[in-house]
Every structure is written in structure tokens, then in C-alpha cells.
There are 2 protein chains.
Amino acid sequence: MHEKVTLKHIADDTGLSISTVSRALSQTGKISSENKKIVFESAHRLNYPLSTSQTPVELRSSINIALVTRHYTGEFYASLFEGFDQSTVGTKVTMNLTSVSHRSKPTLQIISDLRNSQYDAAVIFLPEFKAADYMELLEFAPSNLPIVSIAPIANPVMDTVTFDNYRGGYLVANHFEERGYKNLGIIQGPIKQSEAMLRKSGFLDYIHASDNLNLVWQFNGDYSFRKGKEAYEDFRQADKKPDAIFCSNDGMTLGFMHSAIRDGVHIPGDVAVAGFDDLPTCELYTPTITSVHTPYDMLGKKTIELIFNRLKQNTEVQHSGYTSLVPVSLSLRESSTELTNVFQNYYQRTT
Amino acid sequence: MHEKVTLKHIADDTGLSISTVSRALSQTGKISSENKKIVFESAHRLNYPLSTSQTPVELRSSINIALVTRHYTGEFYASLFEGFDQSTVGTKVTMNLTSVSHRSKPTLQIISDLRNSQYDAAVIFLPEFKAADYMELLEFAPSNLPIVSIAPIANPVMDTVTFDNYRGGYLVANHFEERGYKNLGIIQGPIKQSEAMLRKSGFLDYIHASDNLNLVWQFNGDYSFRKGKEAYEDFRQADKKPDAIFCSNDGMTLGFMHSAIRDGVHIPGDVAVAGFDDLPTCELYTPTITSVHTPYDMLGKKTIELIFNRLKQNTEVQHSGYTSLVPVSLSLRESSTELTNVFQNYYQRTT
DNA sequence: AATTTAGTGAAAAAATTTTGCACATTCACT
DNA sequence: AGTGAATGTGCAAAATTTTTTCACTAAATT
């Protein structure tokens with residue numbers, strides 16, 4: 001058991017007087033910013049008990065931000081967190097991943113999580129949340145805790161930083177047109193999720209504005225690998241087959257391709273495919289997969305920037321519905337471009 | 001700015017006297033465990049400044065454990081963290097991911113990270129660490145902080161929980177023998193890393209003990225996707241080609257297969273392949289990939305269990321070289337089993 | 001050169017926490 | 001049922017810790 005740490009210890013440690021240390025920590029009276037910094041540093045090092053948020057943001061040794069999300073499996077989730085983690089490199093920010101259970105009512109759990117712990121801010125990613133859910137969350141959340149959502153909704157009630165999903169769909173359609181595909185298809189995401197609808201709208205709006213393009217097939221998906229496989233079954237039996245398909249996320253892209261390839265379908269020979277998320281696997285799969293690239297590190301940086309601004313203001317947080325869109329791009333790969341000759345071997349070999 | 005929180009606030013909040021509250025928090029004198037619990041709960045809720053580790057483990061609202069690792073890319077890293085995260089569901093443990101930069105001297109950075117923050121324990125995953133590095137780490141680490149490594153080394157100096165890497169290699173060789181493969185090959189991991197050598201030894205020991213098997217090809221890898229591709233180039237030019245190859249991790253498995261498939265090689269028709277880690281992609285790739293399954297959630301659970309025991313003892317931590325091995329299994333998939341007829345279409349179609 | 005201002009430490013004052021003591025309650029054992 | 005020990009609590013005194021007052025210095029401003 002360690003002895004109790006008092007101002008005297010800090011005074012001895014820093015060579016300053018107790019009075020000065022007191023003034024520094026309670027931030028009253030005259031105190032040089034230089035010494036203030038020294039004192040806080042020493043206080044942290046010696047483990048002097050400071051209540052959360054007593055230390056001003058700029059003097060904190062670390063800022064804890066919770067990334068609250070349901071536990072999504074696999075790569076997408078990993079990329080998201082990795083992006084945030086990347087964006088904190090070299091800063092004093094620590095990202096903490098907090099999983100919200102799939103069972104219980106998420107709102108309450110989030111709140112209690114945030115209250116209990118010493119987080120300075122929260123980023124929430126819950127695409128199935130509606131405006132009402134956000135409202136409820138804000139109502140019970142500690143008022144001095146900045147919260148940012150990274151899932152878009154139609155009528156945002158809290159600050160949101162998200163990818164430009166609409167533009168993603170748009171870029172894919174544009175790419176398909178440039179490659180000369182005419183009859184297009186889409187495997188869409190969950191109807192209830194705003195970002196899935198944005199992806200679709202971007203895609204459809206481009207098609208409708210173009211004279212060359214038609215939408216000839218569509219399938220309602222749910223982002224799962226399994227639904228991608230089901231989509232292929234539907235595609236197989238379709239009367240009018242598309243030349244090129246936009247899958248609203250890479251999970252479904254992989255499912256579709258998995259079934260298609262086993263069924264003897266050549267991609268992109270028989271049908272071209274483009275996905276969304278640009279998971280690491282896209283580059284490793286055979287064929288490599290064209291996908292809308294979502295720069296998670298940029299999302300992370302933008303979000304953290306926003307949070308820092310909020311923290312510095314240090315006023316009661318005004319939650320506005322301000323939305324910031326992070327640009328996306330298209331990573332072109334084999335699945336939607338001409339059959340390159342690297343594949344010729346593979347196909348010819350079995351003759 | 002909130003008013004300073006004192007014992008009086010807690011007393012009012014709990015209905016107890018200031019004395020009782022004082023005794024509860026400082027844990028001196030007579031105090032009922034019931035009230036102690038109430039007081040600590042209230043203190044946390046009201047945000048009374050308590051120095052770290054002042055609250056006894058069993059009364060904490062949350063336990064923070066740092067998972068310290070370099071930033072490994074992609075799925076492996078994700079699976080690792082996901083396993084830990086999974087294993088904390090339903091407990092009051094929070095896992096925090098702390099990335100150690102690739103640049104600076106990691107030991108010092110780890111220490112300062114741990115000192116600064118309010119972690120209760122640390123799990124470190126730094127496969128390139130040697131006994132000397134661990135020693136240095138332990139020397140400077142706070143003495144009351146349990147640290148567990150999840151990377152095996154030859155002479156462990158701190159508690160270690162790790163997968164049974166040796167058995168993994170062994171299982172693969174056994175599987176190859178059962179499938180009737182005779183001439184085997186291996187793409188090994190970094191020579192300097194203990195777990196890579198264990199995987200290799202398990203594989204080779206089985207081969208040497210068997211009358212049917214021979215090692216005819218090997219390649220020194222480094223776990224990277226790129227090295228897997230290089231391994232294929234080497235394989236292509238080899239005089240004596242193996243029927244079946246054990247890749248020491250899935251990153252290299254993917255690299256090897258990526259190049260092989262583009263070069264017209266059929267897997268497992270021409271050569272069978274098995275990997276290590278059982279990344280989610282193994283199930284999604286075409287063909288699906290046989291791989292040694294490492295149950296990360298079990299690793300997480302075991303590790304956290306160990307940490308809890310250490311925390312409860314609450315004595316100065318005795319770092320022993322105790323190693324606990326988590327069992328692995330083999331996930332059989334297409335890449336090492338007979339060419340199933342789902343593939344016939346694909347290969348015949350181009351005739 | 002005089003005067004203001006920022007910043008500091010010593011010591012007094014205020015606030016907070018700990019402890020000694022009295023008292024109540026429970027429980028084990030006659 | 002009665003006794004004594006042990007446990008647990010609150011009040012108030014004591015001890016400790018923190019804040020504030022005040023005097024002083026050095027630098028900046030007029």
C-alpha cells in the first residue's frame with residue numbers, strides 16, 4: 001500500500017511551494033502556465049487523485065475516447081477500429097473499443113458505460129439507430145461529454161462524421177458506364193439503414209441521368225455474407241441478367257462471388273462486380289475486387305478533430321445536427337475490368 | 001465547473017456519517033462490507049477523486065486492461081483483439097488497445113504508457129521480444145501491475161498464455177499424411193520468433209517420426225503477404241515439388257495462393273495448402289483454406305482469468321515464467337482436401 | 001523613476017479527513 | 001435469558017490537507 005499523495009509531495013517533486021501547487025491544480029489565482037504544466041505533469045506521475053476532467057484538455061497526459069458499437073464481425077469492424085487507432089498515432093488520444101451487446105437495450109447500456117468510466121468523449125457507430133434513439137441517448141448522456149456519431153441518418157440530431165455514401169454509389173455507376181456496361185444490377189443493403197439507401201440512390205441517380213444505362217436486376221440484402229450467396233441464387237434464375245453488379249458492401253460481394261465462382265461463372269467475364277468498403281481482402285481475393293474505398297483513418301482524424309474542438313470549448317455541449325462528409329474513392333481491380341491475361345492461364349489450363 | 005466532491009457529499013448521498021465514509025474509502029478500522037460497497041459505488045458515481053487502485057478489485061465498476069502490441073495490419077490483429085473483446089462480454093473488464101509505434105524503443109514507451117494511464121493490468125503481444133527485452137520491461141514496470149505476455153519465448157521470464165503452436169504444426173503434418181500426401185513442403189515464419197519455430201518443429205517432428213513422409217521443399221518467410229508470393233516463385237522453379245505445403249501463417253498462405261492461382265496452378269489439384277491462424281478469409285476464399293484454428297476468445301478468457309487471480313492476490317506481483325498453452329485445432333477446408341465437384345464447373349467450363 | 005502587474009512562498013485560515021470514544025447491535029457461549 | 005466479546009456506527013476532537021491572505025520580488029509599463 002502506497003502512502004497517500006498530497007500537495008506536499010508534488011511541491012517537493014517540482015521544487016515549488018505548496019501554495020503554488022494548490023493554485024495550479026485548482027486553477028485559481030495567478031499562476032504561470034509553465035508551472036501549471038509542470039505541476040499537472042508531476043501530479044499525474046505521482047498519481048495524485050484528480051477527479052476526471054479536472055485537468056484541462058491541453059495538459060492531459062491522455063484523452064480517452066470510447067468507440068461504442070455493436071460487435072460486428074470480421075474485417076469491416078477491424079478496419080474501422082484500425083482507422084481510428086491509426087489516426088491517434090502520435091497524439092495523446094487513446095481509443096477504447098466498447099462493445100454494446102446485441103441483446104439488451106443499447107441506449108441505456110451506453111449511458112451507463114460512459115458514466116462509469118472516465119471517458120472524455122464518445123464516438124458511436126450504430127447504423128440501425130433512428131433519430132428517436134439518438135434523442136433518447138442525448139437526453140440521458142452527461143451534458144459535458146461530446147458525442148459524435150459516425151453513421152448517417154436522414155435527420156441528424158447529433159454531430160455526425162461519415163463517409164460520402166451517396167458519392168460511392170455514384171462512382172460505381174460512373175465506372176460501369178465507362179467500362180461500357182449497360183445493364184446494371186444492385187444488391188442493396190438493409191432498407192432501414194440510411195447509409196445503405198444513400199449508396200443505392202447515388203447508384204440509381206447516375207443510371208437515370210445516363211442514356212446508356214439501365215437497371216435490370218435488384219436484390220434486397222442485409223450486408224451479410226450469406227445474403228450475398230442468396231443473391232447469386234436469385235441472379236442465376238433471373239430472366240434479364242445484368243452485365244455488372246454493385247454490391248452495397250463487401251461482405252455481400254464476397255458471398256456473391258463465392259457462389260458464382262463455384263457455379264462456373266467468370267468474373268468479370270460473365271458479370272462484373274464492384275463492392276463497397278474496400279476491405280483488405282479485396283486486394284487478396286481471386287479475382288481482386290473493385291470496391292469503394294472508405295478511408296477510415298481520415299474518418300478517425302476528422303472525428304477526433306471535431307471532438308478536440310468540443311473539448312477545448314469546455315462549455316456545455318451544444319449538440320447540433322452538423323454532418324461532415326468524408327470523401328470516398330473507387331479502387332479499381334480485376335472484378336470489374338477486362339479479363340486481364342494473368343487469368344488466361346487459369347481458364348485455358350483445364351482444356 | 002462542478003463543485004468539489006467531498007466525503008460530506010457521499011455521506012449525504014448514502015445516508016451514512018462522514019466517519020463511516022472515511023473508514024470505507026481508506027479501508028481502516030471496522031466497516032461492514034455492505035456499506036463499503038455502497039460507499040465506493042456512490043463515490044464513483046459522484047466522481048469523488050480516488051487514486052488509481054485505491055478501490056479494491058472486487059468493488060471496481062470497471063477493470064482496464066491494456067493490450068499492448070505493435071500495429072500489425074489486417075485480419076490477424078483484428079481477430080486477436082476481437083477475441084479479447086469477446087471474452088470480456090458480460091464482465092466488468094474493458095480491454096484497451098494500445099499500439100506501440102514501430103519506430104521508437106518499445107520498452108520505454110510501454111512503460112510510460114502504463115504509468116500514465118490508469119490501467120489495472122497489461123497484456124503484451126510482441127513476438128519479436130527476447131528474454132532480455134522482457135527483463136528490461138519488468139525491471140521498470142510498476143511492481144503492482146500484473147503483466148502477461150501472449151507470445152511464447154524459449155525461456156519465459158514472465159507469465160505467458162499462448163497457443164499450442166507446436167501442436168498446430170503437428171496437426172497439419174498428420175492431416176497431410178492422412179490425405180495421402182507424401183512429399184511435403186513448408187513456408188516458415190521469421191527464424192527469430194519462437195512461435196514460428198514451434199510451428200515448424202511440430203510439423204517436422206511428425207514428418208521425421210513417420211515412414212511415409214518426406215520434407216522436399218522449404219522457404220524462409222516473414223509472415224507477410226508479399227513473402228508468400230515470393231515463396232510461390234521459389235516453388236515454381238523447384239526441382240522437386242511438394243504435394244502439400246504448410247504455410248506458417250495465413251498472410252503467407254494468401255500470398256502463395258494468389259500467385260499460384262494466377263499462374264494456373266490448381267489448389268488442391270496440383271498442390272495442397274494449409275495455413276495457420278484461421279482468419280475469417282479462410283472460409284471465404286476460393287478455394288476455402290485449411291488452417292490451424294487458434295481460438296482467440298479462449299486465449300482472451302484464459303489471460304483475463306490469470307490477471308484476475310493476480311489482481312485479487314494484491315501482493316507485489318511475482319513474475320514467474322509460468323506458461324499456459326491454449327489448444328488449437330485444424331479447420332479442414334478445400335485447399336487440402338480432394339477437389340470437390342463444386343469446382344468441376346469452374347475448371348471444365350473453359351474447355 | 002514611479003507604478004503597475006504577474007508570480008511566488010510563508011503562514012494563517014478554512015476545509016477536509018482521520019481518529020478516539022461512546023454507544024448500539026449482534027452473536028457465541030454459558 | 002444473561003454475559004461478554006466483537007462488530008459497526010456517529011459525534012466531536014484531532015490531525016491533516018488545501019486554500020487564501022499577505023508580503024515580497026522581478027519584470028513590464030507608464
Side-chain angles (χ1 to χ4, degrees), chain A residues 1-62 115-116 118 120 142 144 312 314, chain B residues 1-61 115-116 118 120 142 144 312 314-315:
Chain A
M1 285 295 122
H2 296 265
E3 194 192 349
K4 199 178 161 192
V5 184
T6 69
L7 296 188
K8 188 160 189 333
H9 293 100
I10 301 173
D12 290 349
D13 181 60
T14 57
L16 296 163
S17 70
I18 295 178
S19 341
T20 307
V21 173
S22 169
R23 276 187 282 257
L25 293 181
S26 57
Q27 306 198 62
T28 55
K30 319 244 170 108
I31 179 79
S32 68
S33 56
E34 194 184 336
N35 281 339
K36 191 152 87 177
K37 196 167 165 185
I38 294 171
V39 168
F40 271 108
E41 188 280 322
S42 172
H44 275 121
R45 189 158 34 75
L46 300 179
N47 202 14
Y48 180 84
L50 287 165
S51 72
T52 318
S53 78
Q54 190 167 136
T55 319
V57 181
E58 53 277 13
L59 299 179
R60 301 267 185 92
S61 63
S62 78
R115 279 205 180 283
N116 279 335
Q118 58 290 60
D120 302 296
N144 59 339
K312 268 182 202 142
N314 199 23
Chain B
M1 284 292 122
H2 298 265
E3 191 193 352
K4 199 178 160 192
V5 182
T6 68
L7 296 189
K8 186 156 191 334
H9 293 102
I10 301 174
D12 290 349
D13 181 60
T14 58
L16 296 162
S17 71
I18 295 178
S19 340
T20 306
V21 173
S22 169
R23 277 186 280 257
L25 292 180
S26 57
Q27 306 199 60
T28 55
K30 318 254 171 96
I31 179 79
S32 70
S33 56
E34 194 185 336
N35 280 340
K36 192 152 85 177
K37 197 166 163 185
I38 293 171
V39 168
F40 271 107
E41 189 281 320
S42 172
H44 274 122
R45 188 158 35 76
L46 301 179
N47 204 14
Y48 180 84
L50 287 166
S51 71
T52 317
S53 76
Q54 191 168 134
T55 319
V57 181
E58 52 278 13
L59 299 180
R60 300 269 185 90
S61 62
R115 278 205 181 284
N116 280 334
Q118 57 289 60
D120 302 296
N144 60 340
K312 270 184 201 140
N314 198 24
T315 51

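First the proteins, then the strands, lettered A, B, ... as listed; each starts at 1.
When all heavy atoms of B:A11 and B:S17 are compared, the pair lying nearest together is CB-C, 4.0 Å. When every heavy atom of B:V5 is checked against every heavy atom of B:P49, the shortest pair comes out as O-CD, 4.2 Å. Heavy atoms only, all atoms of each residue included: B:K36 and B:Q27 are closest at NZ-OE1, 3.4 Å. The two atoms that bring A:V39 and A:T14 nearest to each other are CA-CG2, 4.5 Å, heavy atoms only.
Across all strands shown, B:L25 has no heavy atoms under 4.0 Å from either base or sugar-phosphate atoms.
When atom types are taken as modelled, the side chain of B:S42 and the backbone of B:I38 share no donor-acceptor pair closer than 3.5 angstrom.
One finds a side-chain N or O of B:T20 lying less than 4.0 angstrom from the OP1 or OP2 phosphate oxygen of D:dG10.
Once rounded to the nearest 0.5 Å, the distance linking NE2 of B:H44 with CD1 of B:I10 reads 10.0 Å. Note that CG of B:L46 and NE2 of B:H9 are 8.0 Å apart. Values are rounded to the nearest 0.5 Å.
The nucleotide whose nearest atom lies closest to any side-chain atom of B:K30 is, among C:dG7, D:dG8, D:dG10, D:dG8.
Side-chain contact between A:L25 and A:L7: present, with at least one pair of heavy atoms (C-beta onward) separated by less than 4.5 Å.
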Can you check each nucleotide of nucleotides 12-18 of chain D against protein heavy atoms at under 4.0 Å and return B for base, S for sugar-phosphate only, - for none, in 5' to 3' order? B----SS
Which letters describe nucleotides 24-30 of chain D, given B = protein heavy atom under 4.0 Å from base, S = only from sugar-phosphate, - = neither? -------
Just the table, please: protein N/O against nucleotides 21-28 of chain C N/O, every pair under 3.5 Å.
none

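Between the CD atom of B:Q27 and the C1' atom of C:dT18 there is a distance of 15 Å, given to the nearest Å.
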